[in-house]
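These notes concern the structure reproduced below.
Hydrogens, waters and symmetry mates are skipped; everything else that's a heavy atom, side chains included, is used. The sequence lines fix the lettering, A, B, ..., with proteins before strands; numbering per chain opens at 1.
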Number of protein chains: 2
Amino acid sequence: MDAVLKAVADPSRRAVLDLLAEGEKSVSDLLSHFTFSQPALSKHLRLLREAGLVVSRPVGRTRVYSLEAAGLRSVAEWVAHYEQFWTDRLDHLGQVLDRMAEEESGHAD
Amino acid sequence: MDAVLKAVADPSRRAVLDLLAEGEKSVSDLLSHFTFSQPALSKHLRLLREAGLVVSRPVGRTRVYSLEAAGLRSVAEWVAHYEQFWTDRLDHLGQVLDRMAEEESGHAD
DNA sequence: TCAACATATAACCAATCGGCTATACGTCAA
DNA sequence: TTGACGTATAGCCGATTGGTTATATGTTGA
């Protein structure tokens with residue numbers, strides 16, 4: 001996950017992911033949305049590839065990139081571990097009480 | 001969100017968050033789990049503070065840090081936008097079909 | 001076959017990063 | 001009040017990062 005989090009920590013790379021979420025795109029397609037150079041984009045794409053967030057295939061003399069969103073799964077799972085901490089505490093208390101009540105009735109044997 | 005993603009891109013800082021998820025801890029408490037120096041930890045804590053992922057309060061001559069997990073909400077929301085792309089396509093197809101079936105029966109007026 | 005095109009890589013540069021040591025600062029205990 | 005403790009900051013260093021220009025590589029069309 002380290003590589004994934006490092007990859008998405010950069011705003012330009014997140015922008016690339018956003019663009020690819022619309023559908024696969026060639027490098028020059030992508031490039032048209034940025035102000036930096038083509039080699040800079042190629043570097044970003046390499047990182048994203050190595051992180052498993054995009055894949056590419058040659059098409060004629062161009063190369064088409066597409067999103068490999070499953071690579072973000074690890075991030076989603078990591079952050080999900082913390083969800084309990086920010087969900088409204090009263091809400092959470094309610095769930096806890098519900099569970100206790102359930103156990104209570106369950107124990108009523 | 002940029003600051004947050006940059007903060008969590010570092011494994012040591014993620015480890016700090018994990019520790020604080022167990023409950024609030026003093027700096028020296030935290031430090032005992034790492035091999036790097038106290039100033040290094042203080043730097044990490046500063047970054048986490050600035051990203052809004054932890055808060056601290058003085059306790060005697062120590063300082064106690066606690067998790068501010070709500071800061072991770074933005075990350076959760078960001079990654080959620082991509083969930084549709086990695087949920088199993090057959091699964092998804094199944095849901096679509098279910099929904100169509102439901103609409104079908106709903107229309108049976 | 002060769003010139004033009006699309007992309008990747010190489011090599012470099014300034015800025016940032018994660019670590020360090022030294023030190024400053026605030027608080028408690030003697 | 002002063003010395004020891006807990007933490008933060010300052011200042012330094014080597015490695016990494018995100019950008020650049022120049023060039024290599026592979027593909028297509030004339």
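Sorted by first and then second residue, the salt bridge (charged side-chain N to carboxylate O under 4.0 Å, His left out) pairs involving residues 39-49 of chain A (not counting sequence neighbours) are A:Arg46-A:Glu50. Within the structure, the ring-ring contact (aromatic ring centres under 6.0 Å, His included) test picks out the following pairs touching residues 39-76 of chain B (sequence neighbours left out): B:Phe36-B:His44. The stretch residues 10-30 of chain B participates, sequence neighbours left out, in no ring-ring contact (aromatic ring centres under 6.0 Å, His included) pair at all. Applying the ring-ring contact (aromatic ring centres under 6.0 Å, His included) rule to pairs touching residues 6-28 of chain B yields nothing, sequence neighbours excluded. Sorted pairs that involve residues 6-26 of chain B and meet ring-ring contact (aromatic ring centres under 6.0 Å, His included), not counting sequence neighbours, are lacking altogether.
In this structure, the CG atom of B:Asp2 is 11 Å from the P atom of D:dG18, given to the nearest Å. Atoms CZ (A:Arg14) and P (D:dG18) sit 11 Å apart, rounded to a whole Å. Separating the CG atom of B:Leu41 from the C1' atom of C:dT21 is a distance of 16 Å, rounded to the nearest angstrom.
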Can you give me the N/O atom pairs linking the protein to nucleotides 17-19 of chain C at distances under 3.5 Å, or say none if there are none?
residue	atom	partner	partner atom	Å
C:dG18	OP1	B:Arg13	NH2	3.1
C:dG18	OP2	B:Arg13	NH1	3.2
C:dG19	OP2	B:His44	NE2	2.3
C:dG19	N7	B:Lys43	NZ	3.4
C:dG19	O6	B:Lys43	NZ	2.4

Whether each nucleotide of nucleotides 22-30 of chain C has a protein heavy atom under 4.0 Å at its base (B), only at its sugar-phosphate (S) or at neither (-) is summarised, 5' to 3', as B----BB--

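Note on A:Thr62: only backbone sugar-phosphate atoms sit closer than 4.0 angstrom, heavy atoms only; bases stay farther off.
Near DNA chain C, meaning a heavy atom under 4.0 Å away, there are no residues from residues 20-35 of chain B.
The salt bridge (charged side-chain N to carboxylate O under 4.0 Å, His left out) check on B:Arg13 picks up nothing, with sequence neighbours excluded. Evaluation of the salt bridge (charged side-chain N to carboxylate O under 4.0 Å, His left out) rule for B:Arg14 yields A:Asp2 as partners, not counting sequence neighbours.
Side chains of A:Leu45 and A:Leu30 form a contact here, defined as non-hydrogen atoms less than 4.5 Å apart.
Dashed line: the shortest gap from a side-chain N or O of B:Tyr65 to OP1 or OP2 of D:dA8 is under 4.0 Å.
By the 4.5 Å side-chain criterion applied to Ile, Leu, Val, Met, Phe, Trp and Tyr, B:Val55 is assigned to no cluster and stands alone.
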If you look only at distance, which donor and acceptor atoms sit under 3.5 Å apart when one is on a side chain in residues 20-28 of chain B and the other is two or more places apart or in another chain?
residue	atom	partner	partner atom	Å
B:Glu22	OE1	B:Lys25	NZ	3.2
B:Glu24	OE1	B:Arg57	NH1	2.8
B:Glu24	OE2	B:Arg57	NH1	3.3
B:Glu24	OE2	B:Arg57	NH2	3.4
B:Lys25	NZ	B:Leu19	O	3.2
B:Ser26	OG	B:Asp29	N	3.1

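Rounded to the nearest 0.5 angstrom, B:Phe85 CZ and A:Leu72 CG are separated by 10.5 Å.
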